[in-house]
Amino acid sequence: MTADSASSDLPVSKDDLPYRDRRMSLADHLVELRKRLMIGAAALVIGMIVAAFLTDPIIQFLLGPIEQVAKQLDDPFTRLTYANATGAFDMRLRIAFAIGLLISAPVWLWQIWAYIMPGLTRKEVRYTIGFMASAIPLFFAGCYVAVLVLPHILLVMSSFVPQSEVASQIYDAEKYYDLVFKTLLAMGVAFVTPVFLVALNLAGILSASDILRGWRVAIVIATAFAAIATPSADIVSMLVLAGILVVLYFAAYGVAYLFDWRKARREKALESEIS
């Protein structure tokens with residue numbers, strides 16, 4: 001008996017079977033996709049309506065770092081400005097969209113999950129749940145860190161303003177909102193990056209040894225990122241942030257090593273069973 005025939009006679013694990021064994025035609029898939037999109041869009045609209053009542057405190061929160069810069073520069077002209085007549089409305093609309101997207105996230109994330117789940121195996125379902133359970137808290141942790149360091153970023157940037165009576169730090173509302181949003185997004189993604197490394201390991205694209213080989217580059221990138229995100233005079237904050245990122249990186253290596261070790265054990269057991 002050949003190895004191929006022996007391996008084909010092995011029982012199929014439940015983990016490798018589809019989560020829901022139900023075949024659908026292309027038309028059924030399109031109908032299902034339309035239903036999921038409509039539910040997700042409706043949740044987003046409702047979330048934006050709710051978020052519209054929260055824009056005032058959020059704008060006040062966004063103005064906090066600017067007020068700190070104005071006090072440090074002792075410049076009453078340092079303020080948030082709107083470049084056109086619809087600038088204030090546009091800013092409120094963009095804030096409502098971002099917060100509405102966050103509020104409605106449980107609904108539209110579930111719609112995405114419910115649409116793709118029937119095609120996943122039970123093992124993939126468990127991995128996906130673990131990925132989401134790890135990525136979401138880490139992303140919000142990164143956003144929280146961004147909220148803490150954002151005032152320091154503005155203070156550092158304001159130090160380059162010439163000390164002159166004819167020079168003022170004036171923030172355009174649209175560009176300032178983009179800065180805040182991109183800072184939150186960048187910090188959130190930075191904290192989630194280790195989870196993506198583990199996902200690449202599960203997909204067989206990246207091994208644990210590959211992750212470990214890049215530790216020097218990871219430390220340099222984490223330190224540079226922390227140096228940019230924190231004020232130059234605050235070495236402690238920079239080291240703490242860099243340390244968190246490095247710990248997350250090595251945690252990703254540890255998880256990937258565990259997965260590789262279990263995979264090697266399964267392959268060795270399968271080879272011994274076939275032989």
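Hydrogens, waters and symmetry mates play no part in the numbers below; they use all other heavy atoms, side chains included. Residue indices begin at 1 and follow the sequence shown. Here the structure is a predicted model, which is why all the values come from computation and not from measurement.
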Exercise. At their closest point, which heavy atom of Ala146 faces which heavy atom of Leu184, and how far apart are they?
Worked result: CB-CD2, 3.6 Å
Exercise. Are Phe191 and Leu248 close enough that some pair of their side-chain heavy atoms sits under 4.5 Å apart?
Worked result: yes
Exercise. Which pairs pass side chain to side chain donor-acceptor pair (under 3.5 Å) with one or both residues in residues 248-260, sequence neighbours excluded?
Worked result: Asn201-Asp260
For this session: State the CD1-CD1 distance between Ile95 and Ile99, to the nearest 0.5 angstrom.
Result: 7.5 Å
Problem set entry | For Ala222 against Ala242, the heavy-atom pair lying closest together | O-CB, 4.0 Å
Exercise. Going hydrophobic residue to hydrophobic residue with side-chain gaps under 4.5 angstrom, can you get from Val255 over to Trp261?
Worked result: no
Exercise. In Å and rounded to the nearest 0.5 Å, what is the CG to CE distance from Asp172 to Met91?
Worked result: 9.5 Å
For this session: To the nearest 0.5 Å, tell me how far Leu138 CG sits from Cys143 SG.
Result: 11.0 Å
Exercise. CD1/Ile103 to CD1/Ile49 distance, rounded to the nearest 0.5 angstrom?
Worked result: 11.0 Å
Exercise. Should Tyr144 and Phe181 be counted in the same cluster of Ile, Leu, Val, Met, Phe, Trp and Tyr side chains packed under 4.5 Å apart?
Worked result: no
Exercise. Any side-chain heavy atom of Met187 within less than 4.5 Å of one from Phe225?
Worked result: yes
Exercise. Any sub-3.5 Å donor-acceptor pair from Ser104's side-chain atoms to Gly47's backbone N or O?
Worked result: no
Exercise. Is the NZ or CZ atom of Arg213 both under 6.0 Å from the centre of the six-membered ring of Trp215 and within 45° of that ring's axis?
Worked result: no
For this session: Take atom CZ of Phe97 as the centre, draw a 6.0 Å sphere, and report whether it contains more than 12 heavy atoms from other residues, nucleotides or ligands.
Result: no
Exercise. To the nearest 0.5 Å, how far apart are CG in Leu80 and CD1 in Ile59?
Worked result: 8.5 Å
Exercise. So Tyr176 and Ile66, side chain to side chain contact (heavy atoms under 4.5 Å, CB included) or not? Walk me through it.
Worked result: CA-CA 10 Å; Tyr176 178 69; Ile66 298 179; 3.8 Å; yes
Exercise. Are any of the side-chain heavy atoms of Phe140 and Val192 separated by less than 4.5 Å?
Worked result: no
For this session: Kindly determine whether Glu174 and Arg94 satisfy side chain to side chain contact (heavy atoms under 4.5 Å, CB included), including the steps that lead there.
Result: CA-CA 9 Å; Glu174 181 178 352; Arg94 296 175 69 177; 3.2 Å; yes
Problem set entry | Closest approach of Val195 to Ser134 (non-hydrogen atoms, all atoms of both residues) | CG2-CB, 4.2 Å
Exercise. Is there side-chain contact between Leu62 and Val180, with at least one heavy-atom pair below 4.5 Å?
Worked result: yes
For this session: Could you go through the salt bridge (Lys or Arg N to Asp or Glu O under 4.0 Å) check for Lys71 and Glu67 one step at a time?
Result: CA-CA 6 Å; Lys71 290 180 180 179; Glu67 293 175 354; 5.8 Å; no
Problem set entry | Closest non-hydrogen atom pair between Ile211 and Ala252, with its separation | CD1-O, 4.5 Å
Problem set entry | Between CE on residue Met38 and CD on residue Gln111, distance to nearest 0.5 Å | 11.5 Å
For this session: Evaluate side chain to side chain contact (heavy atoms under 4.5 Å, CB included) for Arg92 paired with Asp56, printing each intermediate quantity in order.
Result: CA-CA 8 Å; Arg92 288 178 179 272; Asp56 283 332; 2.8 Å; yes
Exercise. Where do Leu93 and Met48 land on the side chain to side chain contact (heavy atoms under 4.5 Å, CB included) test, with the steps shown first?
Worked result: CA-CA 9 Å; Leu93 189 62; Met48 288 182 64; 4.3 Å; yes
Exercise. So, the side chain of Thr193 versus the backbone of Val189: is there a donor-acceptor pair under 3.5 Å, distance only?
Worked result: yes
For this session: Please examine the side chains of Tyr171 and Leu179, heavy atoms only from C-beta on, and report whether any two atoms are closer than 4.5 Å.
Result: no
Exercise. According to a 4.5 Å side-chain heavy-atom criterion applied to Ile, Leu, Val, Met, Phe, Trp and Tyr, with indirect links allowed, do Tyr177 and Val147 form part of one hydrophobic cluster?
Worked result: yes
For this session: Answer yes if Leu197 and Phe250 sit in the same cluster of Ile, Leu, Val, Met, Phe, Trp and Tyr residues linked by side chain heavy atoms under 4.5 Å apart, and no otherwise.
Result: yes
For this session: Indicate, with yes or no, if Leu63 and Leu54 share a hydrophobic cluster defined by side-chain heavy-atom contacts under 4.5 Å among Ile, Leu, Val, Met, Phe, Trp and Tyr.
Result: yes
For this session: Using atom types as modelled and distance alone, determine if a side-chain donor or acceptor of Ser207 lies under 3.5 Å from a backbone N or O of Asp210.
Result: yes
